[in-house]
Amino acid sequence: QVQLAESGGGLVQAGGSLRLSCAYSGRIFSSYAVGWFRQAPGKEREFVAVTSWSGGSTSYANSVKGRFTISRDNAKNTVYLQMDSLKPEATAVYSCGGGPNYSPYAAQYSSWGPGTQLTVSS
C-alpha cells in the first residue's frame, strides 16, 4: 500500500525559507510522479510543483516559479519542496500526491498525504 506523509511545515516570516518533505512508502512509488499542492482557507486546492519519477522533469505554478524548488531522493523515498522568499499568500496546507502521470492536476493523483500547515507572517 502506498502511503505519503508530509513534514516540515510551520510558522515563518515573510521573506524567509522553509523546506517541506514528503516521505513515501511502497516500492512502486519510486516510479511515480509526485506533486505538491496547497489549499488556503476558503480556497480551492491549487497546484504548486511536480517532479517526474526520476526528478529529471519538474514544473511549477507561475506564482512560485523562481522561488520554490522541488526535488526528490528515491534512495530516501522522499520528495522535497524548498520554498524561498516566502510571501504571506503562501499560507496554506501543503499536501503531496503521487500517481503514474506527470501532471499539474490533482485528479491525476491517486495517493495523498494528510498535509502540513505553512503559515507566513507579514
**Item:** Same apolar cluster: Val64 and Tyr80, side chain cutoff 4.5 Å
**Value:** no
**Request:** Carefully, step by step, assess Asn74 and Tyr24 under the rule side chain to side chain contact (heavy atoms under 4.5 Å, CB included).
**Result:** CA-CA 9 Å; Asn74 284 336; Tyr24 56 84; 2.4 Å; yes
**Request:** Look only at the side chain of Arg19 and the backbone of Gln82, and say whether a donor-acceptor pair between them is shorter than 3.5 Å.
**Result:** no
**Item:** Considering all heavy atoms, the nearest Ala40-Thr91 contact
**Value:** CB-O, 3.6 Å
**Item:** Straight-line distance of Phe68 CZ to Leu81 CG, nearest 0.5 Å
**Value:** 6.0 Å
**Item:** Student check: side-chain heavy atoms of Leu20 and Arg38 closer than 4.5 Å
**Value:** no
**Request:** Using a 4.5 Å cut-off on heavy atoms from C-beta on, say whether the side chain of Leu86 contacts that of Leu18.
**Result:** yes
**Prompt:** In Å, rounded to the nearest 0.5 Å, how long is the span from CZ of Phe37 to CH2 of Trp112?
**Reply:** 4.5 Å
**Request:** Answer yes or no: is there a side-chain heavy-atom contact under 4.5 Å between Thr58 and Val50?
**Result:** no
**Asked** When hydrophobic residues are tied together by side-chain contacts of less than 4.5 Å, even through go-betweens, does Tyr60 share a cluster with Phe47?
**Response** no
**Asked** Taking the side chain as C-beta and beyond, is there a heavy-atom pair between Gln39 and Tyr94 under 4.5 Å?
**Response** no
**Fill in**
Nearest heavy-atom contact between Glu6 and Cys96 is OE2-N, 2.8 Å
**Asked** Can you name the nearest heavy-atom pair linking Leu11 to Ser121, along with the distance?
**Response** CD1-CB, 4.3 Å
**Request:** Start with the C-alpha distance between Thr78 and Asp73, add both sets of side-chain angles, then the distance that settles side-chain hydrogen bond (donor to acceptor under 3.5 Å, both in side chains), and finish with yes or no.
**Result:** CA-CA 5 Å; Thr78 304; Asp73 185 340; over 6 Å; no
**Request:** Nearest 0.5 Å please: distance from the OG atom of Ser110 over to the OH atom of Tyr32.
**Result:** 4.5 Å
**Asked** CE/Met83 to OG/Ser17 distance, rounded to the nearest 0.5 angstrom?
**Response** 8.5 Å
**Request:** Answer yes if Leu4 and Leu118 sit in the same cluster of Ile, Leu, Val, Met, Phe, Trp and Tyr residues linked by side chain heavy atoms under 4.5 Å apart, and no otherwise.
**Result:** yes
**Request:** Find the distance between CZ (Arg72) and OG1 (Thr51) and round it off to the nearest 0.5 Å.
**Result:** 5.5 Å
**Prompt:** Tell me, do Tyr109 and Val34 make a side-chain contact under 4.5 Å, heavy atoms counted?
**Reply:** no
**Request:** Could you pull out the closest heavy-atom pair between Pro114 and Ala5, with the gap in Å?
**Result:** CD-CA, 4.3 Å
**Prompt:** Can you name the residues that form a salt bridge (Lys or Arg N to Asp or Glu O under 4.0 Å) with Glu89, not counting sequence neighbours?
**Reply:** none
**Message:** Working to the nearest 0.5 angstrom, can you tell me the gap between Arg45 CZ and Ser95 OG?
**Reply:** 6.5 Å
**Request:** Please tell me if the side chains of Tyr102 and Ser59 come closer than 4.5 Å, counting only heavy atoms from C-beta onward.
**Result:** yes
**Message:** In the structure I gave you, are the side-chain heavy atoms of Trp36 and Val79 within less than 4.5 Å of one another anywhere?
**Reply:** yes
